[in-house]
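Source: prediction; values computed, not measured.
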Amino acid sequence: MELNSLSVICLVIFLVVAVAYDLATHRIPNWLNITIVCFGAFFQVYLAGIEGLFSALLGLVAGLCCFLPFYIAGAMGAGDVKLLAAVGCFFGPLPTLQAAIYTLIAGGVMALITVLLSGGLAALARRYYAMVCIYIGTGKFFYQPPQSTDIAGMKLAYALPIALGSVWVLISRDLIDATALQKALTAVLGGF
């Protein structure tokens, strides 16, 4: 993973834009993902030559392979898959796998917090209880899909966990100073 301070700043800015779009629209635009791919490949080539280009391409493929099964299963949107793949162009393959793991951890925590704060745990329990009762009574499995108002039917803005997972990689590789990041976040969030 070849990154300098300018490439780290660009990546963080792109992640902030992706999170803002996803929170506002529940979509991550293709133009943004394409821009991230182009900048990631550019920085990799600039910093490491042809090896950087291969690293960027392998990172893109790693990002696609990590989240494509979730998209196929209907658990994640295509924009989320493309966002991790785009970030992979900055990271290369191994840090992209690391970012995917951190993203899944952050996404799980975010989903749990969302369920607890929305009071959706009771509705989720009722839905599964009804499915179990039907199975016990009839011997047949009947899937009761969630309502759009149920927590299980809600869409999460997954750009946020992807951004957190990516920043976690940057911090773990000493590309971002965690103390400076904490001070910056405190200054920004202090205004709210």
Side-chain angles (χ1 to χ4, degrees), residues 1-46 55-114 154-173 175-178 180-182 184-185 187-189 191-192:
M1 177 166 91
E2 293 286 333
L3 294 176
N4 61 11
S5 58
L6 180 60
S7 60
V8 169
I9 290 168
C10 283
L11 177 58
V12 170
I13 289 170
F14 287 137
L15 290 169
V16 168
V17 171
V19 169
Y21 264 98
D22 202 14
L23 288 173
T25 66
H26 289 286
R27 297 183 56 80
I28 302 168
N30 284 333
W31 66 262
L32 179 58
N33 284 323
I34 291 168
T35 304
I36 296 170
V37 166
C38 291
F39 271 81
F42 168 79
F43 279 117
Q44 286 290 346
V45 169
Y46 177 76
S55 178
L57 291 174
L58 288 174
L60 183 130
V61 169
L64 282 174
C65 289
C66 285
F67 282 177
L68 193 58
F70 295 104
Y71 171 73
I72 292 169
M76 186 175 287
D80 302 322
V81 176
K82 291 182 273 187
L83 180 59
L84 183 66
V87 169
C89 285
F90 274 89
F91 282 167
L94 293 177
T96 300
L97 296 175
Q98 188 179 17
I101 291 167
Y102 293 156
T103 295
L104 292 173
I105 293 168
V109 170
M110 186 174 92
L112 180 63
I113 290 170
T114 302
M154 295 173 78
K155 300 219 182 253
L156 298 176
Y158 218 74
L160 180 58
I162 293 170
L164 293 173
S166 300
V167 169
W168 198 344
V169 169
L170 294 172
I171 290 170
S172 70
R173 293 177 176 262
L175 294 168
I176 291 180
D177 180 16
L181 181 63
Q182 179 186 11
L185 287 174
V188 168
L189 295 176
F192 288 103

Worked verdict on V87 versus L11 for side chain to side chain contact (heavy atoms under 4.5 Å, CB included): CA-CA 8 Å; V87 169; L11 177 58; 4.2 Å; yes
Would you name the heavy atoms of [X] and [Y] that are closest together and state the gap between them?
| X | Y | value |
| --- | --- | --- |
| Y71 | M76 | CD1-O, 3.3 Å |
| A159 | D22 | N-OD2, 2.9 Å |
| V37 | C89 | CG1-SG, 3.8 Å |
| L64 | A85 | CG-CB, 3.7 Å |
| V169 | P95 | CG2-O, 3.8 Å |
| M110 | A157 | CE-O, 3.5 Å |

Between [atom1] on residue [X] and [atom2] on residue [Y], distance to nearest 0.5 Å:
| X | Y | atom1 | atom2 | value |
| --- | --- | --- | --- | --- |
| L84 | L68 | CG | CG | 11.5 Å |
| F14 | T35 | CZ | OG1 | 6.0 Å |
| S7 | L175 | OG | CG | 8.0 Å |
| L160 | T103 | CG | OG1 | 10.0 Å |
| L23 | L156 | CG | CG | 10.5 Å |
| L170 | F91 | CG | CZ | 4.0 Å |

Taking T25 for its side chain and Y21 for its backbone only, find out whether a donor-acceptor pair lies under 3.5 Å. yes
According to the interplanar angle, ranging from 0 to 90°, do the rings of F43 and F90 count as parallel (below 30°), tilted (30 to 60°) or perpendicular (above 60°)?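 Aromatic pair F43/F90 classed tilted.
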Distance-only criterion, 3.5 Å: show the donor-acceptor pairs between side-chain atoms of residues 26-34 and protein atoms not counting sequence neighbours.
residue, atom, partner, partner atom, Å
N30, OD1, K82, NZ, 2.5

Test of understanding: with side chain to side chain contact (heavy atoms under 4.5 Å, CB included), list the residues that count as partners of A106, not counting sequence neighbours.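 A106 satisfies side chain to side chain contact (heavy atoms under 4.5 Å, CB included) with P161, L164 only.
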Are D80 and L83 close enough that some pair of their side-chain heavy atoms sits under 4.5 Å apart? no
Partners of Y158 by ring-ring contact (aromatic ring centres under 6.0 Å, His included), sequence neighbours excluded?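 Here no residue qualifies.
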For a side chain to side chain contact (heavy atoms under 4.5 Å, CB included) check, start with the C-alpha distance between V167 and I171, then their side-chain angles and the critical distance, and finish with the verdict. CA-CA 6 Å; V167 169; I171 290 170; 3.9 Å; yes
